Protein chains: 2
Amino acid sequence: MQEIDERQGKGAASRERLEDCISFLIGKAAQRVTRDIREALDPWGVTPIQYAVLAALWDEDGQSGARIGQRLVLDSATITGVLDRLQKAGLVERSPDPGGDRRVNLIRLTARGRALEAPLGRCIAAYNAALREELGAEQAERLWQALRRLGGFAAGR
Amino acid sequence: MQEIDERQGKGAASRERLEDCISFLIGKAAQRVTRDIREALDPWGVTPIQYAVLAALWDEDGQSGARIGQRLVLDSATITGVLDRLQKAGLVERSPDPGGDRRVNLIRLTARGRALEAPLGRCIAAYNAALREELGAEQAERLWQALRRLGGFAAGR
DNA sequence: GACAAATCTCTTGTATGCGAGTCTTTTGCA
DNA sequence: TGCAAAAGACTCGCATACAAGAGATTTGTC
């Protein structure tokens with residue numbers, strides 16, 4: 001203990017190097033990936049989260065905001081803002097629930113929103129592939145697994 | 001290809017499942033860890049980034065904002081805001097550079113800022129240990145390595 | 001049928017992040 | 001020396017995130 005105190009000052013005996021703290025490491029790694037993706041999506045004027053919302057709608061058009069938020073683990077306040085911007089960009093529309101539930105707004109892709117599936121899908125797939133290659137197939141697979149576990153997206157999902 | 005198109009609609013041949021995209025996975029994993037840490041630090045009224053800035057100052061008091069930003073990979077705009085709030089909380093002070101460079105503000109810990117090293121250090125170390133246990137030592141070490149690599153904090157650093 | 005509890009959406013306020021730009025000061029180089 | 005370039009800190013605007021809560025609507029239950 002003593003040599004640690006000498007090196008880092010009092011109180012440091014139980015303090016880890018910042019660069020070894022998971023909160024710092026994962027935050028910075030996520031920051032890097034997000035920045036890459038933001039750049040890759042920029043030509044279409046779409047942000048990473050906006051891509052995620054679009055992807056959810058490509059899988060199933062006409063979901064409620066709450067349903068999208070559940071899948072993407074997004075707060076209702078965040079969803080509202082993202083949908084506002086997607087709507088302003090002309091990629092989605094809000095429409096009333098045919099079932100008659102007046103609390104609900106169903107989110108529908110516009111033609112322009114649907115048209116982005118192919119190019120954006122390729123763009124993201126290419127980035128995933130590039131990162132898998134950068135890390136190597138084996139390390140990449142282990143990273144994917146650990147992240148799925150941390151984020152609560154168990155393998156079964 | 002055809003069966004994929006049938007399952008997911010046109011354009012999907014090259015689109016990966018959202019839950020398999022690294023940008024989504026790492027973002028959500030980081031979100032979870034950050035939320036945990038935010039909660040753990042809440043009793044002291046300190047946020048995760050504020051902890052990181054404090055940690056940098058515990059290692060070396062009296063750094064310039066630019067130097068802190070370099071280590072933490074933070075934009076100057078972000079640093080300014082974080083320091084504003086730390087100063088308002090009475091944990092740090094801005095002081096002129098003794099070297100006479102009038103562009104620079106050196107950031108110094110107050111007594112209250114210094115006093116947080118032991119309890120916050122223990123708090124974060126405990127979280128790291130808990131997460132290491134949750135993942136298992138081996139998977140944790142591999143995750144740490146992969147994240148260091150992604151974030152540009154190579155092993156040598 | 002009525003009412004408490006739950007749902008869905010949206011608003012407000014605060015805290016990162018980043019792009020872009022400003023102002024001041026310092027450096028480097030012709 | 002003189003002046004363009006760089007550096008440090010800051011501002012503004014926009015886009016996530018989340019806590020807290022408001023308003024409208026629906027559901028479950030007695």
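Letters A, B, ... mirror the listed sequences (proteins, then strands); counts begin at 1. No experiment lies behind these values; they were computed from the predicted model shown. All heavy atoms count here, side chains included; hydrogens, waters and symmetry mates do not.
Taking the nucleotide of DNA chain D with the nearest heavy atom to each of Thr47(A) and Asp84(B), the more 5' of the two is matched to Asp84(B). Ranked by how close their nearest DNA chain C nucleotide is to the 5' end, Ala77(A) and Gln31(A) are led by Ala77(A). Along DNA chain C, the nucleotide nearest Val73(B) and the nucleotide nearest Asp75(A) are compared for position; the residue whose nucleotide lies closer to the 5' end is Asp75(A).
As a whole-Å value, the separation of Ile79(B) CD1 from dT11(D) P is 14 Å. Per the geometry, CD belonging to Gln63(B) stands 11 Å off P belonging to dA9(D), to the nearest Å. Atom pair Ile49(A):CD1 and dC14(D):C1' shows a separation of 14 Å (rounding to whole Å applied). One can place CG of Asp97(A) at 9 Å from P of dT26(D), the figure rounded to the nearest angstrom. The CD1 atom of Ile107(B) sits 10 Å away from the C1' atom of dA9(D) (whole-angstrom rounding). For the pair Gln70(A) CD and dT9(C) C1', the interatomic distance rounds to 14 Å; values are reported in whole Å. Lys88(B) has its NZ atom 12 Å from the C1' atom of dG13(C), to the nearest Å. When rounded to the nearest whole Å, the span between CD1 of Ile68(A) and P of dC8(C) equals 13 Å.
A salt bridge links Arg132(B) with Glu16(A): the distance from a Lys NZ or Arg NE/NH1/NH2 to an Asp or Glu carboxylate oxygen falls below 4.0 Å. At a threshold of 4.0 Å, the pair Glu134(B)-Arg32(B) counts as salt-bridged, since one of the basic side-chain nitrogens sits closer than that to a carboxylate oxygen. Note on Lys28(A) versus Glu19(A): no salt bridge recorded, every NZ/NE/NH1/NH2 to OD/OE distance being 4.0 Å or above. A salt bridge links Asp59(B) with Arg71(B): at least one charged nitrogen is closer than 4.0 Å to a carboxylate oxygen. Using a cut-off of 4.0 Å between Lys/Arg side-chain N and Asp/Glu carboxylate O, Arg94(B) and Asp84(B) are scored as salt-bridged. Residues Arg103(A) and Asp97(A) are not paired through a salt bridge, judged by the lack of any N-O separation under 4.0 Å between the basic side chain and the carboxylate. Look at Arg112(B) and Glu117(B) and you find no salt bridge, because none of the NZ, NE, NH1 or NH2 atoms lies under 4.0 Å from a carboxylate O.
To the nearest 0.5 Å, atom CZ of residue Arg38(A) and atom OG1 of residue Thr47(A) are 6.0 Å apart. Rounding to the nearest 0.5 Å places CG of Asn128(B) at 4.5 Å from SG of Cys21(A).
For Gln50(B), whose side chain is taken as the heavy atoms from C-beta onward, the closest listed nucleotide among dC18(C), dC18(D), dT16(C) is dT16(C). Looking at the side chain of Val104(A), the nearest of the listed nucleotides dC8(C), dT26(C), dT12(C) is dC8(C). Comparing dA9(D), dA17(D), dC18(C) by their nearest atom to the side chain of Asn105(B) picks out dA9(D).
For Ser64(A) against dC8(C), no side-chain N or O and base N or O form a donor-acceptor pair under 3.5 Å. Counting atom types as modelled, Arg103(B) pairs no side-chain N or O with a base atom of dT24(C) as donor and acceptor under 3.5 Å. Interface remark: the Ser76(A) side chain does not form any donor-acceptor pair with the dC8(C) base, using a distance-only criterion of under 3.5 Å.
Using a 4.0 Å heavy-atom criterion, one finds that Gly27(B) contacts no nucleic acid atom at all. Arg94(A) comes within 4.0 angstrom of sugar-phosphate atoms only, judged by non-hydrogen atoms across all strands, and of no base. Using a 4.0 Å heavy-atom cutoff across all strands shown, Gly69(A) reaches no nucleic acid atom at all.
Between Phe24(B) and Phe153(A), the distance from one ring center to the other falls under 6.0 angstrom.
Side-chain contact, Gln139(A) with Arg142(B): no donor N or O sits under 3.5 Å from an acceptor N or O.
Across its full length, the helix from dG1(C)-dC30(D) to dA30(C)-dT1(D) shows an angle of 20° between the axes of its 5 terminal pairs at either end, rounded to 10 degrees.
The stretch residues 34-42 of chain A has no heavy atom under 4.0 angstrom from DNA chain D at all.
Distances shorter than 4.0 Å separate some side-chain N or O of Thr80(A) from OP1 or OP2 on dC10(C). Within the structure, a side-chain polar atom (N or O) of Arg102(B) is placed less than 4.0 Å from OP1 or OP2 of dT26(C).
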